[in-house]
Protein chains: 2
Amino acid sequence: MTIDDFNWKILKCLQQNARMSNAEIGRRVGMTSPAVSERIKKLEDAEVIQGYTTFISPLEVGYQLKALITLRAFMGMLKPFLEKVKTYDEVVNCYRITGNENIVMEVVLKNQKHLEIFIDQLISYGETKTQIILSHVVKYSEVKPPTK
Amino acid sequence: MTIDDFNWKILKCLQQNARMSNAEIGRRVGMTSPAVSERIKKLEDAEVIQGYTTFISPLEVGYQLKALITLRAFMGMLKPFLEKVKTYDEVVNCYRITGNENIVMEVVLKNQKHLEIFIDQLISYGETKTQIILSHVVKYSEVKPPTK
DNA sequence: AGTGAAAGTGATATACG
DNA sequence: CGTATATCACTTTCACT
């Protein structure tokens, strides 16, 4: 799919505020709302747009800790883990990566006790490394057009 | 701020699809749209809701590579880096973490050459470790109410 | 692929339980 | 804190370009 300047402007608006109305987007990019609506639908169909979500503050809803947990899976335990990880409510993001370690997870936790209990659940799958997140320096920065 | 069952249901809807109309949310949670509207406004004011965004596929828009880059900052270089990192278009997320390493960044890159150029920009700030992301196993899973 | 207009639906402000 | 109503805005469809 080709993404022209209009589509990039629409994507910029939607990344900044997914709840912006098509009419408002139209005003900003210089188009009518039916035109915006159709372009968004095509971007969705082409899976350029993969969804719309809301950031909620983990702290405000009762999660005092955020952490990155790296897993080096034991022989034969990676595949079962890849299924299991989907069921953990604590895991907000999970990446499979190259290198000695196989998995990095971003997790939200109520407190240290919760962290301990969560890590205990992982020991059968592999060795873990925990890095507590102190601050979120850059938060879901918008994806911009790559320079050619 | 207290988050009752209604608010959790609203947050669930908004996390699953930030562009869902207030009327549709109202149907799902059993409320009229003005009531939903007012609750959302209060959640925004209390910064429980921190924003609404759109996921776009880095691959579809021209970024072939995603990576996690870990930085162990040189003496006195952490603070300047925390300012600099905000200016990198490649950095989608950046966390400050506990431990020997100070920073983990999630980056999008056009290709290997781009990765090389990007890492070169970091060498004055500290030692880097690069882990290429192979797949996104759990993608921005919704935050659920913590079990009491 | 975008515009303009009509009809349907959603958002918002106000009055009222 | 919620509903009900009215007004205004937005979305969607369609004929036309």
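Excluded from the calculations below are hydrogen atoms, water molecules and symmetry mates; all remaining heavy atoms, backbone and side chain alike, are included. Just so it is clear: chains get the letters A, B, ... in the order the sequence lines come, proteins before strands, and each one is counted from 1.
When each of dT11(D), dT12(C), dA5(C) is scored by its nearest atom to the side-chain atoms of A23(A), the top-ranked nucleotide is dT11(D). Of the candidates dT12(C), dG2(D), dT12(D), dT12(C) carries the atom nearest the P34(B) side chain, counting heavy atoms from C-beta on. Listed candidates were dT3(D), dT12(D), dG2(C). Nearest to the side chain of R39(A) is dG2(C). Listed nucleotides: dC1(D), dC10(D), dG10(C). Nearest to the side chain of R27(A): dC10(D).
If you measure from atom CE of M20(A) to atom C1' of dA9(D), you get 16 Å, rounded to the nearest angstrom. Remark: C1' of dG2(C) and CZ of F6(A) are 10 Å apart, rounded to the nearest angstrom. When rounded to the nearest whole Å, the span between CG of N22(A) and C1' of dC10(D) equals 8 Å. For the pair E24(B) CD and dG10(C) P, the interatomic distance rounds to 8 Å; values are reported in whole Å. Look at CG on D4(B): it is 11 Å from C1' on dC1(D), rounded to the nearest Å. Atom CD1 in I25(B) sits roughly 15 Å away from atom C1' in dT12(C) (whole-Å rounding). Distance, I40(A) CD1 to dG2(C) P: 12 Å, rounded to whole Å.
There is a side-chain donor-acceptor pair under 3.5 Å between N7(A) and R39(A). Residues Q15(A) and Y140(A) have side chains that never bring a donor and an acceptor to within less than 3.5 angstrom of each other.
Within 4.0 Å (heavy atoms only), S33(B) reaches at least one base atom of the nucleic acid. Among the protein residues, R19(B) comes within range of no part of the nucleic acid, since none of its heavy atoms lies under 4.0 Å from any strand. At a threshold of 4.0 angstrom between heavy atoms, the contacts of S21(B) are confined to the sugar-phosphate backbone, with no base atom among them.
Mapping S37(B) and E38(A) onto DNA chain C by nearest heavy atom places E38(A) closer to the 5' end of the strand.
For the atom pair E90(B) CD and S141(A) OG, the distance stands at 10.0 Å (nearest 0.5 Å).
Residue K42(B) places at least one side-chain N or O under 4.0 Å from the OP1 or OP2 atom of dC1(D). Note on T32(A): every side-chain N or O is 4.0 Å or more away from OP1 and OP2 of dG2(C).
At most 12 heavy atoms of other shown residues, nucleotides or ligands fall within 6.0 angstrom of atom CD in E47(A).
A donor-acceptor contact shorter than 3.5 Å is absent between the side chain of T70(A) and the backbone of T128(A).
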